[in-house]
Protein chains: 2
Amino acid sequence: MHASLTMKKIAKELGVSVSTVSRALQNHPRIGAQTTEKVQKLARELHYEPNSRAINFKNKKSYNIGVVLPYLTEQYFSIALSGIEETLAGKGYNMVVMQSRNDYERELAAISSLIRHGVDGILVSMASETYNKSHFNDATHKVPIVFFDRVLKHPKYGAVYGDITKAAFDMVQFLITKGHQNIALLNGPNSLQATTEREKGYIDALRYHSLAINQQYIKNLNLTKEDTILKINELLNLATPPEVILAFHDYIALDAMEVCKQRGLKINQDISFVTFSNLSFCSYLDNPPIATVEQFPGELGSQAARLLLEAIEQPETYVPREIVIEPKLIVR
Amino acid sequence: MHASLTMKKIAKELGVSVSTVSRALQNHPRIGAQTTEKVQKLARELHYEPNSRAINFKNKKSYNIGVVLPYLTEQYFSIALSGIEETLAGKGYNMVVMQSRNDYERELAAISSLIRHGVDGILVSMASETYNKSHFNDATHKVPIVFFDRVLKHPKYGAVYGDITKAAFDMVQFLITKGHQNIALLNGPNSLQATTEREKGYIDALRYHSLAINQQYIKNLNLTKEDTILKINELLNLATPPEVILAFHDYIALDAMEVCKQRGLKINQDISFVTFSNLSFCSYLDNPPIATVEQFPGELGSQAARLLLEAIEQPETYVPREIVIEPKLIVR
DNA sequence: CAAATTTGCGCAAACGATTGTAAGTACGCC
DNA sequence: GGCGTACTTACAATCGTTTGCGCAAATTTG
């Protein structure tokens, strides 16, 4: 492995100086044509490749971007990651990926590890358990940070996210116009901004259509399966159980559907579901959620990557800003 | 951002030399107690962090590992990636992820990009369209390569994979003991080693139980949905259509099931499915494949990462080797 | 033909940290 | 008091590349 071929060797071989080799390889005009040719020929023959570690050191850049997200195995995030990869690859950057597993400590460790490894910037989709946000503040003194999807809204950070309030509003409005009245909301954890916005859209739509708001229809989940089962049972045990359940995630809907089936309810007949994530496998279900919201995670990731690259490459003119991606209602 | 605090500044501030600062921060015994204390105190106050780019340069290491796999969005690979991340993080390494999208050119570009970015080693799960393998040979002159799952078996490379032949054998044997005779195989593309092995296990099991091998029951797919639909229709159009179909992937089974349903067949009644990947959402199906093979992708990734780290950290004693992970038959 | 300009190339510093070697001081011992 | 031994710290080289500057030789100009 690695004979460690440097410019020095090429220079010695040809009896010229290292600086001449360097300039010849860059086609610098101050180097003569024959010398340039001679150097490039030998470099090609020896398969010379510049030492990226030395170049990174000199340029104070690594061309690596850190990405911190809750779970790689969640399709939503892996699609976002795909979008990020695509955008970065086009600009010569690679991505270093770490999972927070929705854990604050891990998120902290991931960010500091990325900084220690010398990434040029960081894309973050926050862990649901992140209540203390000061580590982002510390980190941003070192490298620019852009949030995507699970964002921290603050003028200091760039952020790319979907308009959850509107998505929830549209969804509820769709259900109302379909004739539904008893619509429950299986919402996410309180720590996520999206949870608040989803609830707002839900309430706004009910108000807009002059329907009563039943607080018992609104449940916040903590992302564990037990809690989902608990909360769906609470809904089904109500005097007037909901006809439609708005689940913030496909997997939540699936778990809830299981409970319904066990209780003898027929999905899309006795009770229907709509969701907030459009995962590919749902189309294979016999009774899929009747509607869903496409949030374009790939686009989210891609835009966030673009924003971060701007922060890295034009730091003088860059102003952190927020980009909103319009979600789209999909009726099955 | 970045005031670029270096040892030089600390040294100047305290009127000592840079080397003293360096050694004081390492608690080197040659530096006096007060000096060490003084340096560390100031470093703490100024939030000094060593410049990782300079250290990477000096150590000729980046503590970054490249990972090239077909698709991030395939749950199987994202689980493997999770396993890789976990193992690497424990050893102070981060991972740089790239997708080949099963395309040879992209795989090539990914590997050379990783090398240019200075990763210390590369984990690869090969693209299905990779017929020419010479780029791996070129790359391994620069950094060690370890394959996982979709491996290239060659003494030069480490490799971690599942025993597909045994898995297929066990699966077919299970079906035979359940009384099935007409078992078809929807296999992967020819370019993948696993395809050959799966076919071998399938044939071995039939032979072992003295059953005839019907070549019409064996179909190789090219991973496009159209091809899957075409091949499943060919199977169903046979004079004696199969009772059970062994699909090499859950998504293939799902697409095939769709076709069956459209043709009025009842899943798990008129025709059954078994698969070779145990994706989480299948448990939510009303009629899931009756059996599947758990291949432990996380374990695969984790072991591959361990092997690669060995190649990187003990290059003198490292000998490339193959690690086989025993798959497990799961009956639903 | 001398002066001015261009052309071609090497020297050396720089990036930030590590580390072998040297050099200085203080101490104890005979 | 001189010398060996600790002890403490500084100097300088090094990793591989880039780049400003300077110095020759070649060429053009008046």
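When reading the values below, keep in mind they use all heavy atoms of this one structure, side chains included, and skip hydrogens, waters and symmetry mates. Sequence lines set the chain letters: A, B, ... in the order given, protein chains first and strands last, and positions in each chain run from 1.
In this entry the distance linking CG of Asn56(B) with P of dC15(C) reads 18 Å, nearest Å. Taking atom CZ on Phe57(A) and atom C1' on dA13(C), their separation rounds to 12 Å, with Å as the unit. Here dT9(D) presents its P atom at 14 Å from CG of Asn27(B), a figure rounded to the nearest Å. Nucleotide dC15(D) holds its C1' atom 11 Å from the CZ atom of Arg53(A), rounded to whole Å. Taking atom CZ of Arg30(A) as the reference point, atom P of dG10(C) lies 13 Å away to the nearest angstrom. When rounded to the nearest whole Å, the span between CG of Asn51(A) and P of dT18(D) equals 10 Å. If you take CD of Gln34(B) and C1' of dC7(D), they are 11 Å apart, rounded to a whole angstrom. For the pair Met7(A) CE and dC15(D) P, the interatomic distance rounds to 15 Å; values are reported in whole Å.
Listed in residue order, the members of residues 11-25 of chain A having a heavy atom less than 4.0 Å from DNA chain D are Val18(A), Ser19(A), Ser22(A), Arg23(A).
Between Lys9(B) and the phosphate of dG16(C), there is no side-chain N or O to OP1/OP2 separation shorter than 4.0 Å. Distances shown here put a side-chain N or O of Gln26(A) below 4.0 Å from the OP1 or OP2 atom of dT19(D). An OP1 or OP2 oxygen of dG16(D) is reached within less than 4.0 angstrom by no side-chain nitrogen or oxygen of Tyr48(A). Distances shorter than 4.0 Å separate none of the side-chain N or O atoms of Thr35(B) from OP1 or OP2 on dT8(D). A sub-4.0 Å separation between OP1 or OP2 of dC15(D) and a side-chain N or O of Lys58(A) is absent.
In this structure, His117(A) has its ring center no closer than 6.0 Å to that of Tyr93(B).
Ser78(B) and Glu74(B) share no donor-acceptor pair across their side chains, judged by distance under 3.5 Å alone. Glu107(B) and Asn102(B) share no donor-acceptor pair across their side chains, judged by distance under 3.5 Å alone. Counting only N and O atoms by type, the side chains of Gln99(B) and Ser82(A) include a donor and acceptor under 3.5 Å apart. With no hydrogens or angles considered, a side-chain donor-acceptor pair links Ser17(B) and Thr20(B) at under 3.5 Å.
Set against dG8(C), dC15(C), dG16(D), the side chain of Lys60(A) has dC15(C) as its closest nucleotide.
Comment: Glu85(B) engages Arg101(A) in a salt bridge, judged by a side-chain N to carboxylate O separation of less than 4.0 angstrom.
Figure legend: Lys153(A) and Tyr161(A) shown as a cation-pi pair, the cationic atom lying under 6.0 angstrom from the six-membered ring centre and within 45 degrees of its axis.
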